[in-house]
Structures are given as C-alpha cells and as structure tokens.
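Heads up: the structure comes next, in structure tokens.
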Amino acid sequence: MDQPLLQRDTGRGCCSCRMLKQWLPILSWLPKYNFKWLQMDLLAGLTVGLTTVPQVLAYAEVAGLPVEYGLYSAFMGGFIYALLGTSKDVTLGPTAIMSLLCFSLVGGEPRRAVLLSLLCGVIQAALALLRLGFLLDFISFPVIKGFTCAAAITIGFGQVKNILGLRDIPHEFFPQLYFTFHKISEARIGDVVLGVLCIALLVMLMTMKASLGSDNDATRFSIAARKFVWAVSTMRNALIVIAASFCAFSWEAFGHHVFTITGETSQGLPPFSLPPTTDTTENGTVVTFGEIVEGFGGGLAVIPFMGLLESIAIAKAFARQNNYRIDANQELLAIGVTNIMGSFVSAYPVTGSFGRTAVNSQTGVCSPAGGIVTSVIVLLSLALLMPAFYYIPKASLAAVIICAVAPMVDYHAVAKMWQIHKLDLLPFIVTFLMSFWQVQYGIIGGVAVSGALLMYTLARPRIKMSNPGVLLIQLGSGLSFPAAEHLSHIIHTEALQVSPPRSVVLDCHHVSVIDYTVINELSDLLRQFKHQDLLLILSRLQPNVLEILLAADLEDFRYADTIETALQWVKETPIFDAGRVQPLSEEEVVARAQ
C-alpha cells in the first residue's frame with residue numbers, strides 16, 4: 001500500500017505494452033491488486049460516498065441547478081478515473097468553485113450546463129493529447145489564492161439566504177448582498193434555528209476530528225473511542241443532512257411547514273443520451289449551438305483551465321504526501337474524458353475535490369478502485385433515495401456548503417505574500433476584487449497582471465554596476481529581447497555619454513539564452529564603442545551563448561573567460577591595438593563546451 005502507484009518501466013519491454021500502460025494506468029496497478037487493497041478501497045469508497053451525496057446536492061444549488069444534477073455529475077468520474085487516473089487518492093465530481101463558475105456562465109440552465117460539460121471535456125482532452133499541460137503554469141499562486149478566497153466568500157454568502165429562508169434573492173453578489181439585508185425581516189425562524197444548529201454541529205465535529213491524538217500508548221477503549229469519533233466526524237455531512245431531513249419530515253407529517261425543503265426531484269437514473277446542442281427559452285425561442293457558445297464567451301476558456309488546475313494541484317499535493325508520482329497530461333485526459341462522458345448522463349463540469357480527496361486518503365484508499373465504490377453509492381442514491389430527498393431542508397445543505405468553503409479563505413497566505421514578496425499582492429488583490437464582479441473576469445484580470453509583472457521582470461533584469469577603473473556591468477538574470485533596449489540605454493547613459501566616456505566590461509555569467517534582437521543591439525553598441533575608441537568586452541559567457549555570438553560574426557566582438565582578465569585587457573591594451581585582443585578559436589570553444 002505504501003509503494004508508488006505507478007512505476008516507469010525502464011527495462012527493454014515491448015514499446016506497445018509500455019505505451020498502453022501509459023494511456024491506461026489501470027494496467028499498472030490492477031495486476032498487483034489483492035484482498036487487503038479491496039478491503040481498504042471498500043471502506044474508503046463507502047466513507048467518501050456518504051460524504052459525496054449531501055455535498056453534491058448542495059453544490060447543485062450553487063450551480064443554480066435542480067439538486068439531482070449534483071448526483072448526475074458525481075458518479076461518472078469514479079469509473080473513468082479508475083481507468084485513466086494516475087493518483088490513488090483523487091476523487092472527481094462537483095466542487096464549490098466549479099459550481100460557481102458553471103452558474104456564472106449558464107445561469108442555472110440545465111441544458112446549457114450539460115453542453116458546457118461536453119465542451120470543457122473536449123478542450124481538456126485536446127490539451128492532454130497535444131501535451132499542453134504546461135500552460136497551467138502561467139496561472140500564478142497569488143491568482144489562484146485571490147480567486148479561491150473571493151469564490152469562498154461569494155459561495156458562502158450566497159447560502160445565507162437559505163439559512164434565513166429568504167426567497168427571490170438575486171444570484172449576482174452585490175445585488176444579493178443588498179437584498180439579503182433588505183429582506184432580513186422576512187427570515188423564517190425554523191430555517192434560521194436549523195441552519196445555525198447544523199453549522200454549530202459541523203464545526204464541533206470538525207474540531208473534534210482535528211483534535212484527535214495518536215493511538216500510541218492508548219488503551220483498547222480509547223482507541224475504539226477515537227475511531228468512533230473519527231468515523232462520525234468524517235461522515236458528518238451525511239449525518240447532519242439525514243438528521244435534518246428526519247426533523248423536516250416529522251414537522252411536514254403533522255402539517256407544519258416549518259422549514260424550506262428541497263421539494264420534488266427527478267426519480268431514478270438519468271437517461272444515457274447525446275448532449276443537447278440547442279436550447280429553448282421560456283417564450284419558445286430556439287437558441288442554436290453557435291449562439292450558446294458565443295454566449296459562453298471567455299468563460300469557455302476559463303472553466304476548463306480552472307478545472308484542470310484545481311484537480312492537478314490536488315493530485316500533486318497528495319502524491320507528494322503519499323510518496324508517488326502522477327502524470328499531469330494523463331490527469332488532463334482523465335478529467336477531459338470524465339466531462340465528455342458525463343455530458344451523456346446530464347452532468348455539469350466536474351474536477352477534483354480537495355475535501356473528498358482528503359477523506360479518501362485519510363481512510364487509507366489503496367487504488368483508484370475506491371472511486372468505483374463511491375460511484376456505486378451515488379447510483380444507489382439516485383435509484384432508491386430520490387423520494388427521500390424531497391424532505392432535505394435547504395438550510396442544512398447551506399450549512400454543509402458554508403463549512404466546506406470556509407477554510408478556503410486563507411488569510412495566512414496573504415500574510416506570507418506580504419512578508420516574502422509584496423508585489424505578489426497586486427495580482428491577488430486584482431483577482432480577489434474582480435471576482436466579485438464576474439469570477440471569470442477575476443481570473444483573466446489576475447493572469448493579465450501576473451503576465452505584466454513577469455514581462456516587466458524580463459524587460460528590467462537586475463543590473464549591478466561598479467567602477468574598478470572601467471564600468472563593470474553585472475547582469476543578475478537572463479538577457480532576452482525585452483531587456484535589450486533597457487541595457488543599451490544604461491550603457492549609453494553610464495559609459496558613452498559621460499565625460500570622459502568609458503570602456504565597459506559586461507558580465508554575462510547568468511545569461512543562458514540570447515536572441516537576434518540582443519545580438520542586433522550588441523552590434524550597434526560595438527560600432528559606437530569603436531567609433532569613440534573604447535572597448536566593450538563580454539566576460540564569463542556560457543558556451544551555448546558564445547557559440548551563437550561567434551556564429552553572428554559581430555565586428556570587433558571581444559570576450560574573456562573571467563572578469564579579471566577583461567579588466568586587465570582594458571587597462572593594458574592600447575586603444576588602437578584593441579583589435580589585437582583575440583578571441584578563442586572555434587576549436588577551443590567546442591573543447592570548452594565539452
């Protein structure tokens with residue numbers, strides 16, 4: 001169980017067999033499957049299943065969809081990920097963030113949500129097949145944190161109306177904020193009491209679980225008590241929702257409508273059918289596929305990327321914790337295929353769930369087969385328990401959501417950014433604030449600011465100047481085309497335009513890449529230095545950079561192995577004999593590179 005889930009075959013085996021195992025990771029762990037793994041996977045799958053059912057019902061509310069759509073979206077991931085996934089811990093399904101993003105794009109329209117799942121899956125699978133997973137690296141940590149903090153506040157406050165039992169509250173954040181306080185006098189006492197009680201019990205159970213100690217030097221009774229508390233607190237969501245439903249059923253049976261309940265839900269399993277490609281408005285107008293996609297706009301790029309980012313970040317975190325490795329591109333494929341196949345059973349976009357993955361890992365899951373057990377639990381709920389969902393109070397689902405998203409407001413990360421690199425707060429703040437307007441605009445705005453900061457770093461590399469008889473310029477980072485004009489300006493200002501003008505030694509030790517723009521700028525500088533009978537010498541060049549410069553055949557190009565050698569050349573070489581400072585031969589360059 002402690003061994004890595006996937007191991008690369010470094011032997012000489014059949015190429016087709018290795019390729020098949022890469023595309024179908026189940027072939028790597030299934031031959032090793034044993035009875036102990038089966039026991040642990042059954043326990044983990046059952047535990048996660050009891051956590052999943054109430055959560056996905058609540059997340060469907062966040063997406064503005066009927067609650068059964070949460071269950072429709074929760075079972076396909078277990079089957080697909082068991083075939084294609086590379087993490088033993090990850091569970092795919094609806095999450096708070098993806099539900100919020102889905103609502104922001106489809107506005108609670110089920111047919112459009114299902115079509116969105118298909119389009120997201122196609123984009124994600126295409127990225128995997130083209131090996132473009134590296135594009136996720138361009139979304140920085142401050143952007144992710146800014147988005148998740150804003151999303152947590154938006155989702156959490158969006159459930160306050162259900163805690164208060166209010167109706168006809170807009171879904172947009174700022175109108176929602178206004179009308180929630182404006183209608184607070186209409187709050188229903190039953191919903192308020194039940195919602196607050198559910199939150200208090202959930203917090204208490206979470207605290208009890210966090211405070212559990214180790215079993216070292218403990219009696220048999222205390223070990224059993226700890227296991228009981230752990231089991232109850234792990235399944236807290238299901239227990240709270242079940243208890244609240246019994247309470248609501250009791251009042252409804254006596255004709256007292258004390259709570260706002262979920263109401264009618266569709267009975268049975270969803271039909272397996274082609275995803276809808278058109279939609280019909282309330283007045284009967286048919287909306288074509290092209291019009292729907294056009295309405296999605298930029299969100300059609302944001303949602304697939306955020307789904308991939310969330311799931312891969314979770315997979316990497318638990319792989320590091322449990323000592324195995326994942327294949328990022330294979331994870332993209334697993335999520336993409338899950339969303340594509342999910343659209344055939346009326347699912348909306350899904351991704352990896354941090355909370356359910358943590359439960360899966362803590363329960364001791366040994367393989368992705370645990371997800372199959374979870375999916376079976378969801379299917380049984382759809383087939384047998386849908387009538388019971390009628391009595392689930394919305395306040396209890398709201399309590400589950402609020403307690404799930406509260407830890408996402410990570411103020412410790414903000415404090416660390418302030419201590420370590422204050423400039424990172426800029427994309428964080430932009431993402432955080434813009435996400436309250438439109439979540440996809442928040443992500444786009446944060447990525448734009450992060451990109452601008454990255455470009456500024458490239459265009460303004462750290463430069464240290466000193467004057468040991470000549471002007472010594474030391475580049476603290478790489479040199480690429482955005483920085484060429486800036487470096488040229490500094491050399492002009494500090495060497496050529498002073499009185500008297502000075503020769504320059506340019507330390508290129510940290511320059512590993514050079515492009516045509518930089519070479520063109522160097523050519524112009526060398527010509528100007530020659531015109532004023534001065535020297536421009538490059539020192540400590542990397543072999544690959546030196547090879548490119550020699551191939552460029554720059555006039556009067558001079559270089560030295562060390563800074564000291566370059567400084568000595570400038571001091572000892574008469575200016576009219578400067579051209580006699582000979583570079584290494586091409587054979588010597590090749591020898592040094594080797």
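Only heavy atoms go into these numbers, but all of them, side chains included; no hydrogens, no water, no symmetry mates.
- Considering Leu536, Asp556, Ile537 as possible partners of Phe529, the one that fulfils the side chain to side chain contact (heavy atoms under 4.5 Å, CB included) test is Leu536.
- Taking CG of Leu119 as the start and CD1 of Ile292 as the end, the distance is 9.0 Å to the nearest 0.5 Å.
- With rounding to the nearest 0.5 angstrom, the CG atom of Asp507 is 11.5 Å from the CD1 atom of Ile463.
- Contact between Ile314 and Gly352 at its shortest, heavy atoms only, is CD1-O, 3.3 Å.
- When His531, Gln532, Arg502 are each tested for a side chain to side chain contact (heavy atoms under 4.5 Å, CB included) with Leu496, only one passes: Gln532.
- In terms of modelled atom types and a separation under 3.5 Å, the side chain of Thr148 and the main chain of Lys145 share a donor-acceptor contact.
- Judged by distance alone, the side chain of Ser117 and the main-chain N or O of Ala113 form no donor-acceptor pair under 3.5 Å.
- Contact of the Ile340 side chain with the Leu118 side chain is registered, since non-hydrogen atoms from C-beta on lie closer than 4.5 Å.
- Inter-residue side-chain proximity for Phe557 and Leu522 is flagged as unmet; no heavy-atom pair is nearer than 4.5 Å.
- Environment of CZ in Phe481: sparse, with no more than 12 heavy atoms of neighbouring residues, nucleotides or ligands closer than 6.0 Å.
- Between the side chain of Ser539 and the main chain of Thr562, no donor-acceptor pair closer than 3.5 Å is present.
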Set out, in order, the CA-CA distance, both residues' side-chain angles and the distance that settles side chain to side chain donor-acceptor pair (under 3.5 Å) for Ser87 and Tyr324, then state yes or no. CA-CA 8 Å; Ser87 168; Tyr324 62 88; 2.7 Å; yes
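- Side-chain atoms of Val511 and Leu541, non-hydrogen and from C-beta on, never get closer than 4.5 Å to each other.
- The nearest pair of heavy atoms linking Pro427 to Leu423 is CD-O, 3.4 Å.
- Here the SG-CD1 distance, from Cys102 to Ile97, works out to 14.0 Å after rounding to the nearest 0.5 Å.
- Judged by distance alone, with hydrogens and angles left aside, the side-chain atoms of Lys88 form a donor-acceptor pair with the main-chain N or O of Val365 at under 3.5 Å.
- Residue Tyr411 holds its OH atom at 11.5 Å from SG of Cys149, rounded to the nearest 0.5 Å.
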Met434 and Phe147: CA distance, side-chain angles, deciding distance, side-chain contact (heavy atoms from CB on, under 4.5 Å) verdict: CA-CA 9 Å; Met434 290 185 68; Phe147 168 69; over 6 Å; no
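- Between Trp37 and Tyr33, the ring planes are perpendicular. Angles over 60° get that label, and only those under 30° would be called parallel.
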Could you walk me through whether Met455 and Leu458 satisfy the side-chain contact (heavy atoms from CB on, under 4.5 Å) test, starting with their C-alpha distance in whole Å, then the side-chain angles of each, then the deciding distance to 0.1 Å, before giving a yes or no? CA-CA 5 Å; Met455 292 302 296; Leu458 290 174; 4.2 Å; yes
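- More than 12 heavy atoms of other shown residues, nucleotides or ligands fall within 6.0 angstrom of atom NZ in Lys422.
- For the atom pair OG1 (Thr431) and CD1 (Ile144), the distance works out to 10.0 Å, reported to the nearest 0.5 Å.
- For Asp41 (side chain) and Cys366 (main-chain N/O), a donor-acceptor pair under 3.5 Å exists by modelled atom type.
- Within the 4.5 Å cutoff, side-chain heavy atoms of His486 are placed close to those of Pro461.
- Closest non-hydrogen pair, Asn339 versus Tyr348, comes out as OD1-O, 4.3 Å.
- Here the shortest heavy-atom pairing between Val405 and Ala96 reads CG1-CB, 3.6 Å.
- Between Phe432 and Phe436, the ring-plane angle classifies as perpendicular under the 30° and 60° cut-offs.
- Considering only heavy atoms from C-beta on, Phe141 stays 4.5 Å or farther from Asp424 through its side chain.
- With hydrogens and angles left out, the side-chain atoms of Ser361 and Asn322 include a donor and acceptor closer than 3.5 Å.
- No side-chain N or O of Gln330 forms a donor-acceptor pair with one of Thr86 less than 3.5 Å apart.
- In this structure a side-chain-to-backbone donor-acceptor pair under 3.5 Å is missing from Ser488 to Glu485.
- If you take CD on Gln528 and OG on Ser523, they are separated by 10.0 Å, rounding to the nearest 0.5 Å.
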May I have the step-by-step check of side-chain contact (heavy atoms from CB on, under 4.5 Å) for Arg540 and Ile563, ending in yes or no? CA-CA 7 Å; Arg540 300 207 294 175; Ile563 295 174; 4.1 Å; yes
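- For Tyr441, the OH atom sits in a loose shell: 12 or fewer heavy atoms of surrounding residues, nucleotides or ligands are nearer than 6.0 Å.
- Heavy-atom neighbours of Lys209 NZ from other residues, nucleotides or ligands within 6.0 Å: above the threshold of 12.
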Step by step, work out the side-chain contact (heavy atoms from CB on, under 4.5 Å) result for Gln474 and Met465. CA-CA 6 Å; Gln474 295 175 294; Met465 291 182 289; over 6 Å; no
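- Residues His510 and Leu475 are not in side-chain contact: their nearest non-hydrogen atoms beyond the backbone lie 4.5 Å or more apart.
- Enclosure of atom CH2 in Trp418 is not indicated, since only 12 or fewer non-hydrogen atoms of other residues, nucleotides or ligands lie within 6.0 angstrom.
- Contact detail for Gly442 and Ser435: the closest heavy-atom pair is CA-OG, 3.6 Å.
- The side-chain heavy atoms of Ile303 and Met306, taken from C-beta on, include no pair separated by under 4.5 Å.
- Aromatic rings from Phe354 and Phe318 are positioned such that their centres are separated by under 6.0 Å.
- Other residues, nucleotides and ligands contribute at most 12 non-hydrogen atoms within 6.0 Å of the CZ atom of Arg462.
- Under the 4.5 Å side-chain criterion, counting only non-hydrogen atoms from C-beta, Leu546 is not in contact with Leu538.
- Shown here for Thr338 and Gly77, the closest heavy-atom pair between the two residues is CG2-CA, 3.5 Å.
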